[in-house]
Each structure stands twice: as C-alpha cells, then as structure tokens.
Amino acid sequence: MQIVDSHCHLDFPDFENDLDEVVTRASNAGVSHMLTICTQVSKFDQVHNVAKRFDNVWCTAGIHPHNIEREPKITADALIKLSDSPRVVGFGETGLDYYYEHSSRPQQEES
C-alpha cells in the first residue's frame with residue numbers, strides 16, 4: 001500500500017530548517033509521494049524548487065483565493081507556461097473561497 005499526501009505546503013517557513021527531515025519522516029511513515037501546493041504565484045519558484053529537490057515530491061502552480069489581492073494578475077497562458085516542468089502536475093490553489101472574505105468576490109471570480 002502507498003500513501004500519497006495530495007495537499008501539503010512544504011515551502012512554508014515552518015519547514016525551512018528541517019525540510020529534509022520532514023520528507024524523510026513522511027517517507028518512513030509510509031508516504032510515498034507528496035504534492036506541495038502553490039498558494040502564491042509570486043512564490044512559485046520556491047514551491048517548484050522543493051519539488052525539484054526530492055524525487056517523491058511534485059507541485060502545482062496557482063493562487064489561493066485569500067491571496068488574490070496581494071498577488072500579481074496572471075493569465076491562463078502564464079500559468080500554463082509554469083506548468084511546463086515535469087515536476088508540476090496541476091493547478092491550484094485556485095477557485096472561490098467566500099467563507100473568510102479575505103479577497104473580494106469579484107476579484108476571486110476574475111482570478
């Protein structure tokens with residue numbers, strides 16, 4: 001049996017000082033693959049670098065709805081270009097998140 005962590009944030013500062021150990025502990029616990037999710041396209045390179053660093057980690061490209069107001073506008077073509085890497089396997093964070101209203105609904109809909 002393989003366990004896949006389909007949604008983690010290995011680029012977050014919490015893991016900065018012990019990322020190798022975090023990935024090793026996950027592997028030792030039976031997690032065979034990990035998907036680290038991009039929440040800010042302005043930090044895509046950080047997310048992508050984590051995925052390139054480990055054989056069992058992949059990533060996405062996107063902007064979490066809460067971060068839209070603080071992020072540069074990006075076109076679908078630009079997102080597709082980011083996904084050109086074999087380490088990028090999806091798009092996200094993305095979508096609508098009206099619960100906390102951190103970004104306006106019109107901005108989320110446009111994004």
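Residue numbers count from 1 along this sequence.
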(Q) Working to the nearest 0.5 angstrom, can you tell me the gap between Asp45 CG and Lys52 NZ? (A) 7.5 Å
Q. For Tyr100, what residues pass the ring pair (Phe, Tyr, Trp, His ring centres under 6.0 Å) criterion, not counting sequence neighbours?
A. His66, His102
Q: Return the set of residues passing side chain to side chain contact (heavy atoms under 4.5 Å, CB included) with Lys73 (not counting sequence neighbours), or none when no residue passes.
A: Glu110
Q: Just jot down the side-chain hydrogen bond (donor to acceptor under 3.5 Å, both in side chains) partners of Gln40, sequence neighbours excluded, or say none.
A: none
Q.
Between Arg87 and Phe54 (side chain of the first, backbone of the second, donor and acceptor by atom type, cut-off under 3.5 Å), is there such a pair?
A. yes
(Q) Going by the rule side-chain hydrogen bond (donor to acceptor under 3.5 Å, both in side chains), which residues pair with Asp5 if we only count those two or more places apart in sequence or in a different chain? (A) none
Q. Would you say Leu82 and Ile63 are hydrophobically clustered, going by side-chain heavy atoms of ILVMFWY under 4.5 Å?
A. yes
Q) Distance-only, no hydrogens or angles: does the Asn67 side chain make a donor-acceptor pair with backbone N or O of Thr39 under 3.5 Å? A) yes
Q: Return the set of residues passing ring pair (Phe, Tyr, Trp, His ring centres under 6.0 Å) with His7 (not counting sequence neighbours), or none when no residue passes.
A: His9
Q. Out of curiosity, Ser111 OG to Glu71 CD, how far, rounded to the nearest 0.5 Å?
A. 9.5 Å
Q. Does Glu69 have any salt bridge (charged side-chain N to carboxylate O under 4.0 Å, His left out) partners at least two apart in sequence or in another chain, and if so, which?
A. none
Q: Could you list the residues that satisfy ring pair (Phe, Tyr, Trp, His ring centres under 6.0 Å) with Phe44, not counting sequence neighbours?
A: His48
Q | Residue pairs passing the side chain to side chain donor-acceptor pair (under 3.5 Å) test where at least one lies in residues 12-23, sequence neighbours excluded | A | Asp20-Arg53
Q) Applying the 4.5 Å side-chain criterion to the ILVMFWY set and letting contacts propagate, would Val47 and Phe91 be lumped into a single cluster? A) no
**Q.** Closest non-hydrogen atom pair between Pro65 and Gly95, with its separation
**A.** CG-O, 3.3 Å
Q: May I ask whether Ile37 and Val89 are part of the same hydrophobic cluster, defined by side-chain heavy atoms of I, L, V, M, F, W, Y residues being less than 4.5 angstrom apart, directly or through others?
A: yes
Q) Of the non-hydrogen atoms in Cys38 and Gly62, which two are nearest, and what is the gap between them? A) SG-O, 3.4 Å
(Q) Under 4.5 Å between side-chain heavy atoms, counting indirect links through other Ile/Leu/Val/Met/Phe/Trp/Tyr residues: same cluster for Val88 and Ile74 or not? (A) yes
Q) By the rule that ILVMFWY residues connect when side-chain heavy atoms come within less than 4.5 angstrom, directly or transitively, which residues belong alongside Leu96? A) Tyr98
Q) Listed by chain and number, what are the side-chain hydrogen bond (donor to acceptor under 3.5 Å, both in side chains) partners of Ser104, not counting sequence neighbours? A) Gln107
Q.
Can a donor-acceptor pair be found, under 3.5 Å and without considering hydrogens, that links the side chain of Gln108 to the backbone of Ser103?
A. yes
Q. Quick one: salt bridge (charged side-chain N to carboxylate O under 4.0 Å, His left out) partners of Arg70, sequence neighbours excluded?
A. none
Q: Kindly say whether Gly92 contributes a backbone atom to a donor-acceptor pair with the side chain of Thr60 at under 3.5 angstrom?
A: yes
Could you list the donor-acceptor pairs under 3.5 angstrom formed between side-chain atoms of residues 26-36 and any protein atom two or more places apart in sequence or on another chain?
| unit_1 | atom_1 | unit_2 | atom_2 | d |
| --- | --- | --- | --- | --- |
| Asn28 | ND2 | Thr24 | O | 3.4 |
| Ser32 | OG | Gln2 | OE1 | 3.2 |
| Ser32 | OG | Ile3 | O | 3.3 |
| Thr36 | OG1 | Leu10 | N | 2.9 |

